[in-house]
Each structure stands twice: as structure tokens, then as C-alpha cells.
Amino acid sequence: MSDTLLPPNPSLLGGVQRLAPDVVRVRLPMVNVFFLGAPGGDWVLVDAGLPGTAGLIRQAAAQVYGSRPPQAIVLTHGHFDHVGALRPLLAEWNVPVYAHPFELPHLTGKVAYPFPDPTVGGAMSLTSPLFLPGPFDFGASVRPLPADGAVPGCPGWRWIHTPGHTEGHVSLWREQGGLLIAGDAVVTTPQETVPGALASTPTVLRRPPAYYTPNWDAARDSVRTLAALRPRLVVTGHGHPLAGQELAATLGRLAQDFDHDPNGRPGRGWYLSHPVPQGQPQAGRPDPMRGYVLGAVGAAGALWLLTRRR
């Protein structure tokens, strides 16, 4: 059997897809979030979608858990499409938010993410300077994930540090059932393209979104870390779930050939030769890509004004 989608696939935004008795995927615009916990019992929300999707998340949660709020919110990372609905959700639920310690400076108003790279190819990459790099400030709600790898409120799950896409990116793994929530360490659609970003088509296992990945060696090593788990089900921040007898082998090939596979390291881009150091983010670190892109936008605007005056 080849790698397959897991039916039923939710066709409507906010639709829920049960991946296991206690694991639910919610499809939102451009991104997925996940519920961990049996229906009617305690549960945890993984990631928080784009701005404006809090209502969809709450409606989906009510279908599965009634009026019970989550015990916690766990973030695979803090890019704007994974924390966009966090503030209104916290206003209603007032629960702790857990992320890797390296993500905390980005989530407490101290350090912006590296500026996105519009030079990697694809229409969505060209628009990536519009994607907010933060910093975002969720104050005292944000806490570091436990150092022992436990996922708060989720017995049997552990978090795995999978940097590259961000310094503190994590994936969630449950050995029972071989279930991997990869976040954006790998995705299953070409997120750099309009069909991939907006419609999650086609379905293919591939690298993290290229325009927002500032260290490709770390990203490759993280894919290799995930491949070593030999998962039987992979769900990601972008795209549809994948399962099947060939899944582990497909992920293994991507990991082994990452530097040369067309679904691995991109062929061009600023961060290929200017990788951002991984580790604790530092305030005041230079961000040349920000200066180049904003300078180019400013120059284009000035040229447009000059031509308009002639």
C-alpha cells in the first residue's frame, strides 16, 4: 500500500478529522491545529492558527469536548500562522501556553524572528515579507516545556527539539501507534505555491516552508531525527495527514537525500549561504534580510512616485 490520506478528510474550514480515538485534526485556512485528548475529557490544543480563526477553533472544540476548556496550549513554534488566534483564545480560556525555551524570546516581546526570504521561489514566497516576524507578546501565559520531554496534559507523548524552521521548533511524538505531529519540520504540501498554501495540494512529503526557514543544515538534521522514529502516521502544520506502509521509507529517503532532493533543501535563497545561528535568540542580532527587503520595497516605492510625477 502506498502512502495515503486518512479519510474522512475535512472539506470545510474548521472541520474535524479524527486521526486516533484521542487525536483530532482541525483544518483552518492555510494551517492545521490539533486536539489531544479523548472526547468529553481533558484535552490540549496544539498550535493556534492564523489571526481570525479563534471562532473556528472554539466551534471545533465544542463539537468534541463541549464547554470544557483545554488544560493547556502547546506550540510547535511561534510563527504568526501558529499563534494568530492565541490572544482571543487566552482571553476566553486563560490557560498556560507551553513552548521550547528558545521560542520564549519571540513570544514575550523580546526578539523578532528572522525576516522571511522572498528569493526561494514560488508565489507565496514573494508575498512572505507581508508575514509578520514578530516579536509577539503573550506575557506570563507563556512557559517553557518541561526539560524531561513530557508534554503537559498529554501522557504518553513527548516533545522533540527539531530546529531549523525556528530555533525552538518542536515536534510531538507518541510511540504508541507511531503518531508524529511534525509541526513545520516537514510538511505535506508545497507551501511556497498558491495551490499548496491555500488548498493543500498536491500532497507530498517535503521540507519546511522555505521562505521562513533560516537554517537549512539544522532543518535537514531535524528531518533525520524524525525519520529515525519511523512513524506510521505523520500530521503536519500544513497539508494533509499521511499514513501507509511506505511512509517511513519515504521520510527516510527525504532525510538521506535532503541536500539534493527537490523536496528537500531549496536550490536558491539567502539563508542557504547566510544561515541564522541556532540556539537562544539574542536581541539586537543583525538581520540583513530585513534591511535588503525593506530597502528594495522602499526603492521600488520611490521609483513609482518618480514615474507618477513625470
Side-chain angles (χ1 to χ4, degrees), residues 13-16 24-37 42-116 127-146 151-154 159 165-170 172 181 183-184 191 197-198 209 211-212 236-238 281 283 290:
L13 295 180
V16 299
V24 168
R25 169 204 177 204
V26 183
R27 183 183 179 189
L28 299 174
M30 294 180 61
V31 71
N32 301 308
V33 302
F34 302 94
F35 302 157
L36 305 184
D42 292 334
W43 65 287
V44 166
L45 172 64
V46 179
D47 288 337
L50 283 165
T53 61
L56 292 173
I57 294 171
R58 286 193 294 260
Q59 289 170 21
Q63 292 181 44
V64 183
Y65 303 104
S67 60
R68 185 187 295 264
Q71 290 185 297
I73 299 172
V74 174
L75 300 177
T76 59
H77 61 300
H79 280 162
F80 82 106
D81 54 339
H82 292 255
V83 301
L86 189 54
R87 201 173 304 281
L89 291 176
L90 289 175
E92 178 170 340
W93 287 336
N94 191 27
V95 297
V97 177
Y98 291 94
H100 190 279
F102 291 170
E103 293 294 291
L104 266 56
H106 301 305
L107 299 171
T108 54
K110 297 175 183 175
V111 183
Y113 284 105
F115 206 74
T127 66
S128 65
L130 301 175
F131 304 160
L132 301 177
F136 310 103
D137 192 354
F138 301 104
S141 296
V142 184
R143 306 176 187 180
L145 283 162
V151 179
C154 299
W159 64 264
H165 189 57
T166 71
E167 303 98 326
H169 188 285
V170 299
L172 307 183
I181 300 175
D184 285 3
Q191 191 67 11
L198 301 184
Y211 48 79
Y212 235 142
T236 64
H238 305 279
R290 178 188 295 267

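Here, residue 1 is the first one in the sequence, and each next residue gets the next number.
Contact check for P114 versus T166: no side-chain heavy atoms found under the 4.5 Å cut-off. Looking at S141 and P96, their side chains never come closer than 4.5 Å, going by heavy atoms from C-beta outward. Counting heavy atoms from C-beta on, the side chains of P70 and V44 never come closer than 4.5 Å. Side-chain contact between V26 and F35 is present, with heavy atoms from C-beta onward closer than 4.5 Å. With a 4.5 Å cut-off on side-chain heavy atoms, V74 and L45 do not count as touching.
Remark: the D184 side chain and the H79 side chain contain no N/O donor-acceptor pair separated by less than 3.5 Å. Between T108 and D137, the side chains place no donor N or O within less than 3.5 Å of an acceptor N or O (distance only, hydrogens not considered). A donor and an acceptor atom, one from each side chain of N32 and R25, are located under 3.5 Å apart. Checked by atom type, the side-chain pair E103/Y98 shows no donor-acceptor distance below 3.5 Å. Residues H106 and H77 bring no donor and acceptor atom of their side chains to less than 3.5 Å of each other.
Put simply, CG on D42 and CD on Q71 are 4.0 Å apart, with the number rounded to the nearest 0.5 Å. Note: H100 NE2 to L75 CG = 13.0 Å, rounded to the nearest 0.5 Å. Put simply, CD1 on I73 and CZ on R143 are 11.5 Å apart, with the number rounded to the nearest 0.5 Å. In this structure, CG on L56 lies 6.0 Å from CG on L28, to the nearest 0.5 angstrom. Interatomic distance, F34 CZ to L172 CG, rounded to the nearest 0.5 Å: 9.5 Å. To the nearest 0.5 angstrom, F102 atom CZ is 15.0 Å from H169 atom NE2.
Judged by distance alone, the side chain of W43 and the main-chain N or O of R68 form a donor-acceptor pair under 3.5 Å. Between the side chain of D81 and the backbone N or O of V31 there is no donor-acceptor pair closer than 3.5 Å.
Taking the six-membered ring for Trp and the full ring otherwise, F131 and Y211 have centroids separated by under 6.0 Å.
Nearest heavy-atom pair, V111 versus P281, reported as atom, atom and distance to 0.1 Å: CG1-CB, 4.1 Å. The minimum heavy-atom distance between G78 and L107, with the atom names listed, is CA-CD2, 3.9 Å. L36 and Y65 make their closest contact through C-OH, 4.0 Å (heavy atoms, listed as atom of the first residue, atom of the second, distance). Across W93 and I57, no two heavy atoms sit closer than the pair CH2-CG2, 4.3 Å. Residues L50 and F80 share a closest heavy-atom pair of CD2-CE1, 3.4 Å. Across all non-hydrogen atoms, the minimal contact from F115 to P133 is CD1-CG, 4.2 Å.
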> Given V33 and V46, is the side-chain contact (heavy atoms from CB on, under 4.5 Å) satisfied, shown in steps?
Replying inline: CA-CA 6 Å; V33 302; V46 179; over 6 Å; no
>> Before you tell me yes or no, could you show the steps for V97 and F138 under side-chain contact (heavy atoms from CB on, under 4.5 Å), namely the whole-Å CA-CA distance, both residues' side-chain angles and the distance that decides it to 0.1 Å?
In response: CA-CA 9 Å; V97 177; F138 301 104; 5.9 Å; no
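Under the rule for a salt bridge (Lys or Arg N to Asp or Glu O under 4.0 Å), R87 has no partner lying at least two apart in sequence or in another chain.
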